[in-house]
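The structure appears right after this line, and notes come after that.
Treat the numbers as computed from the prediction; the structure is a model and nothing was measured.
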There are 2 protein chains.
Amino acid sequence: MTCGERTGLGRVGLSNVFYSASGCRLNLVLPTSGRRVPCEQCPLRAMPGFRSFAANELQFISSFKTGELVAETGATLLSEGAHSSHLYTLLSGWAFRYKVLADGRRQILNYMLPGDLIGLQGSIIGEMEHSVEALSTSVLCVFQRDRLSELFRNHPGLGFDITWLAAREERMLDDHLLSLGRRTAMERAAYLLAFLHQRAVSVGLVSDKNLFIPITQQHVADTLGLSIVHTNKTLRKLAERGLIQWLDRSCEVIDVQGLMALAEWEGLPEGGRPLI
Amino acid sequence: MTCGERTGLGRVGLSNVFYSASGCRLNLVLPTSGRRVPCEQCPLRAMPGFRSFAANELQFISSFKTGELVAETGATLLSEGAHSSHLYTLLSGWAFRYKVLADGRRQILNYMLPGDLIGLQGSIIGEMEHSVEALSTSVLCVFQRDRLSELFRNHPGLGFDITWLAAREERMLDDHLLSLGRRTAMERAAYLLAFLHQRAVSVGLVSDKNLFIPITQQHVADTLGLSIVHTNKTLRKLAERGLIQWLDRSCEVIDVQGLMALAEWEGLPEGGRPLI
DNA sequence: CGTGGGGTTGATTGACCTCAACCCCCGTGG
DNA sequence: CCACGGGGGTTGAGGTCAATCAACCCCACG
């Protein structure tokens with residue numbers, strides 16, 4: 001067996017709790033009336049690596065945003081099968097999206113960091129085929145999904161940007177596929193941590209000190225397609241080599257170059273990235 | 001080792017031959033001056049499942065297309081690292097895209113069938129990070145990549161369509177990731193063949209008789225992340241169960257429902273699909 | 001008539017899974 | 001107050017799925 005089916009039924013049961021209500025752990029997703037962050041002064045926009053926007057584009061984005069949402073760690077932001085899902089941008093925090101097989105085997109597909117769109121598939125095609133969960137306390141910008149066609153009509157540059165973001169996601173998934181299909185456990189783990197590190201760097205989460213990635217070994221296992229036991233042993237080896245350090249429920253990356261070399265991964269192309 | 005590194009160096013060497021020239025086996029990619037298929041009478045467009053287009057959209061698409069290209073089996077249509085890559089739509093035939101690690105391990109990322117865009121990532125972001133190869137003799141519509149922004153500007157509906165296609169690709173990659181990460185060899189093989197079958201059905205390649213998928217067991221192995229030996233044994237088991245039949249260098253799907261049940265795969269959502 | 005691609009098969013090896021403990025920590029409630 | 005349970009992490013022993021190695025067949029092709 002390829003494993004991945006939660007060690008006990010505890011976690012699956014927990015998941016069911018998530019779904020059973022309205023598909024959203026409401027007690028953990030707090031809608032904030034009004035906004036705290038005006039798009040024009042969005043701290044993300046100021047970061048290097050993001051492209052600059054014309055005034056009218058910014059104005060539209062600002063009107064496109066209806067408010068903010070705060071989600072606690074573990075909150076389900078979107079769930080598989082929901083028909084009319086929302087469209088968000090992650091403003092701060094970490095999240096991930098995943099799919100599960102009927103018997104509980106879970107596969108994490110990708111991670112979201114500040115600036116990433118959440119729910120685009122659902123907004124464009126109609127139905128969500130994956131779920132999204134917050135890895136840390138997160139703030140989301142909420143958009144009016146039904147104005148997407150207006151966005152494409154009146155702001156072609158922004159329409160292009162959304163395609164750009166979709167193409168970028170596709171590229172990340174390509175890398176993940178290569179990893180799952182053709183890398184060893186050790187290489188996969190090294191790739192994943194280097195990948196998350198680079199993404200965090202690109203949105204300024206690293207600064208001078210090292211980065212702490214807020215994931216558990218269960219997340220790593222479900223991303224790499226490994227059992228949790230083997231994941232533990234693999235991470236331990238990476239730690240012994242001085243590449244990472246594992247803390248309570250987070251991972252500190254110590255030597256990114258070493259990780260990238262081990263995985264023979266080149267890194268993502270950077271810069272010129274849009275922000276809706 | 002997760003394997004995948006061609007059994008000998010023969011295949012890697014062969015690949016090098018592909019790249020060494022101009023990144024394209026020119027003798028196998030024949031540019032056809034002028035077009036044979038006017039967009040307005042494109043046989044694909046007539047198929048159910050494709051959305052209908054306004055006259056002015058069709059007119060633009062027609063002018064966006066500069067000609068056709070014929071590629072023989074094995075021809076490299078696009079190659080990794082190329083900076084100014086082309087944008088195509090596959091008009092007929094099969095193709096696949098893939099990545100390779102430095103030591104030759106190859107991972108097939110997805111397959112292209114008639115109606116699929118080829119080279120979108122490269123056209124949007126700039127650089128290709130994967131290669132594309134024809135699985136059968138294929139005909140491609142060639143587009144003027146540098147008029148993409150004009151497309152978004154003057155035909156927002158088409159811009160939305162391109163995003164739609166990107167989101168659809170993303171969804172397929174999600175499914176592949178789930179497969180590689182969490183399904184057994186048997187389930188993976190069943191999923192892949194059911195997937196290819198369904199895609200072929202959706203573009204009318206099946207009609208009344210059964211479908212023959214033009215792939216070798218090496219392709220299956222490189223898609224599923226398995227060794228070729230184990231792939232052979234797995235396909236043999238599927239054949240013994242009466243789900244498929246393996247022919248010389250193609251696979252006949254006999255019982256799609258059986259394959260889908262084995263992989264517990266629901267199928268892709270259908271219909272309303274655009275065609276650029 | 002050799003060579004190379006595609007496919008097939010058995011024997012052996014090994015990477016990774018499963019099972020089963022056990023630790024620490026923290027929140028809950030008797 | 002302490003017992004209990006659950007999440008996260010760790011470790012060893014044994015089992016299995018899939019990789020590797022090594023043949024061999026068929027056929028097209030030069």
Among all residues two or more places apart in sequence or in another chain, which pass the side-chain contact (heavy atoms from CB on, under 4.5 Å) test with B:F96? B:Y98, B:R106, B:I108, B:Y111, B:E133, B:L135, B:H219
Per the end-axis method with five pairs at each terminus, what is the bend angle of the helix from C:dC1-D:dG30 to C:dG30-D:dC1, to 10°? 20°
Rounded to whole Å, CD of B:Q217 lies from C1' of C:dT9 at a distance of 12 Å
To the nearest angstrom, the NE2-C1' distance between B:H230 and C:dA15 comes to 13 Å
Side chain to side chain contact (heavy atoms under 4.5 Å, CB included) with A:I213: which of A:L193, A:I244, A:V220? A:L193
Proximity to the side chain of B:A185 - top-ranked nucleotide from D:dA18, C:dC16, D:dT20: D:dA18
Are A:R105 and B:E187 ion-paired here, with the side-chain N under 4.0 Å from a carboxylate O? yes
Residue pairs, two or more places apart or on separate chains, that pass side-chain hydrogen bond (donor to acceptor under 3.5 Å, both in side chains) and touch residues 190-199 of chain B: B:D116-B:R199, B:H176-B:Y191, B:Q198-B:E270
With sequence neighbours excluded, tell me which residues meet side-chain contact (heavy atoms from CB on, under 4.5 Å) with A:V203. A:F50, A:L113, A:P114, A:L205, A:R273
Measuring from the side chain of A:R249 (C-beta onward, heavy atoms only), which nucleotide among C:dC17, D:dG9, C:dG6 has the closest atom? D:dG9
What nitrogen or oxygen pairs link the protein and nucleotides 11-15 of chain D at under 3.5 Å?
from, atom 1, to, atom 2, distance (Å)
D:dT11, OP2, A:R236, NE, 3.0

Results of side-chain contact (heavy atoms from CB on, under 4.5 Å) for A:R249 - residues two or more places apart only: A:T216
Whole angstrom is fine here: how far is it from CG in A:L226 over to P in D:dA18? 14 Å
What residue pairs, at least two apart or across chains, pass salt bridge (charged side-chain N to carboxylate O under 4.0 Å, His left out) with a residue in residues 238-247 of chain B? none
Given that B:T234 and A:W246 both sit by DNA chain D, which one's nearest nucleotide is further toward the 5' end? A:W246
With sequence neighbours excluded, what pairs up with B:E264 under the side chain to side chain donor-acceptor pair (under 3.5 Å) test? none
Would you mind reading off the distance between A:K237 atom NZ and C:dA15 atom C1', rounded to a whole angstrom? 9 Å
Run the side-chain contact (heavy atoms from CB on, under 4.5 Å) test against B:N232 and tell me which residues pass, sequence neighbours left out. B:Q217, B:R236
C:dC16 P sits how many Å from B:R183 CZ, rounded? 21 Å
From NE2 of B:H219 over to P of C:dG6, roughly how many Å is that when rounded to an integer? 8 Å
Let me know the distance between CG of B:L135 and C1' of C:dG5, rounded to the nearest Å. 16 Å
Return the value, rounded to whole Å, for the distance between atom CG of B:D248 and atom P of C:dG7. 6 Å
